[in-house]
Amino acid sequence: MPAGRVATYGQIAAAAGNPRAARAVVWVLRRRDDLPWHRIVNVGGGVSLRAGDGRERQCALLEAEGIEFGADERIDLSRYGWVAPLGR
DNA sequence: ACCATGACGGTCA
DNA sequence: TTGACCGCCATGG
């Protein structure tokens, strides 16, 4: 997962072996803070964090990596979506 | 073993 | 289009 790219919970779960373990991914993110949590968004390309929890921080970090947000604070996964867990 | 929590995902009304 | 519900996996009480 290179910088400037984002991945969905389901995508990560799928890469881990369980496409439906998105909840487990969430759990890991809560437990581990040494991960690129800011690059993880929901299937809609939007930040799932709530305002006041760190949502603004994540958006800032993403923009800092060159990721652009849409009109609804939405990220174009077709453009910034993480591709291919195998290799790059 | 059962219930509750978590930054989800998909379907249905 | 939006809101609500259920299903999903993993951990803690």
Side-chain angles (χ1 to χ4, degrees):
Chain A
M1 175 156 111
R5 291 252 161 102
V6 296
T8 66
Y9 300 88
Q11 189 168 21
I12 294 171
N18 297 303
R20 307 185 176 178
R23 310 302 304 275
V25 174
V26 173
W27 171 81
V28 173
L29 292 174
R30 292 282 285 174
R31 183 164 163 273
R32 297 286 197 198
D33 59 340
D34 56 305
L35 298 169
W37 59 274
H38 59 278
R39 295 188 208 159
I40 304 175
V41 297
N42 58 44
V43 74
V47 176
S48 295
L49 288 167
R50 298 178 295 186
D53 183 45
R55 173 175 124 192
E56 295 180 37
R57 191 157 325 283
Q58 181 171 5
C59 290
L61 289 168
L62 291 172
E63 288 187 43
E65 294 188 358
I67 297 170
E68 184 181 351
F69 284 82
D72 300 305
E73 293 183 314
R74 231 29 111 147
I75 298 173
D76 186 348
L77 296 179
S78 302
R79 183 151 96 156
Y80 300 106
W82 179 39
V83 279
L86 300 160
R88 69 186 114 147

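Hydrogens, waters and symmetry mates play no part in the numbers below; they use all other heavy atoms, side chains included. The chains referred to below are lettered A, B, ... by the order of the sequence lines, with proteins before strands, and numbering in each begins at 1.
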Using the rule that Ile, Leu, Val, Met, Phe, Trp and Tyr join whenever any side-chain heavy atoms are under 4.5 Å apart, tell me whether [X] and [Y] fall into a single cluster.
| X | Y | value |
| --- | --- | --- |
| W82(A) | I40(A) | no |
| L61(A) | M1(A) | no |
| I75(A) | V43(A) | no |
| V41(A) | L49(A) | yes |

Nearest 0.5 Å please: distance from the CZ atom of R23(A) over to the CG atom of N18(A).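 Rounded to the nearest 0.5 Å, the CZ-CG separation comes out at 14.0 Å.
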Self-check item: Q58(A) side, atom CD; E63(A) side, atom CD - distance, nearest 0.5 Å
Solution: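 If I round to the nearest 0.5 Å, the distance is 11.0 Å.
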The dot-bracket string of DNA chain B, counting Watson-Crick and G-U wobble pairs with both distances under 3.5 Å, using [ ] for crossing pairs and | for pairs to another strand, is .|||||.||||||
Between [M] and [N] - [atom1] atom distance, rounded Å:
| N | M | atom1 | value |
| --- | --- | --- | --- |
| dC5(C) | dA4(B) | P | 16 Å |
| dC12(B) | dC8(C) | P | 15 Å |
| dC6(C) | dC3(B) | P | 15 Å |

Rounded to the Å, how far apart are [X] [atom1] and [N] [atom2]?
| X | N | atom1 | atom2 | value |
| --- | --- | --- | --- | --- |
| I75(A) | dA7(B) | CD1 | P | 18 Å |
| W27(A) | dG12(C) | CH2 | P | 6 Å |
| W37(A) | dG6(B) | CH2 | P | 17 Å |
| N42(A) | dG10(B) | CG | P | 10 Å |
| L62(A) | dA7(B) | CG | C1' | 13 Å |
| R31(A) | dA7(B) | CZ | C1' | 16 Å |
| D72(A) | dT1(C) | CG | P | 11 Å |
| I40(A) | dG9(B) | CD1 | P | 11 Å |

Which nucleotide in the set dA10(C), dA7(B), dG9(B) lies at the smallest distance from any side-chain heavy atom of T8(A)?
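Within the option list, the nearest is dG9(B).
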**Message:** So if I take every side-chain heavy atom of L29(A) and compare against dT11(C), dG9(B), dA7(B), which nucleotide ends up nearest?
**Reply:**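 Ranking dT11(C), dG9(B), dA7(B) by closest atom to the L29(A) side chain puts dA7(B) first.
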- Item | Interface residues of residues 43-59 of chain A with DNA chain B (non-hydrogen, below 4.0 angstrom) |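 Hits under 4.0 Å, by residue number: V43(A), S48(A), L49(A).
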Hey, does [Y] have a side-chain heavy atom less than 4.5 Å from the side chain of [X]?
| X | Y | result |
| --- | --- | --- |
| Y9(A) | L29(A) | yes |
| E65(A) | V6(A) | no |
| Y80(A) | E68(A) | yes |

>> Is there, by distance only and without an angle test, a donor paired with an acceptor across the side chain of R23(A) and the base of dC8(B) below 3.5 Å?
In response: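 Yes.
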What contact category does A24(A) fall into here, base, sugar-phosphate, or nothing, at under 4.0 angstrom with non-hydrogen atoms?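 Base, at least one base heavy atom under 4.0 Å.
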Requested in this report: Give a yes or no on whether E56(A) atom CD has more than 12 heavy-atom contacts from other residues, nucleotides or ligands under 6.0 Å away.
Outcome: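 Open.
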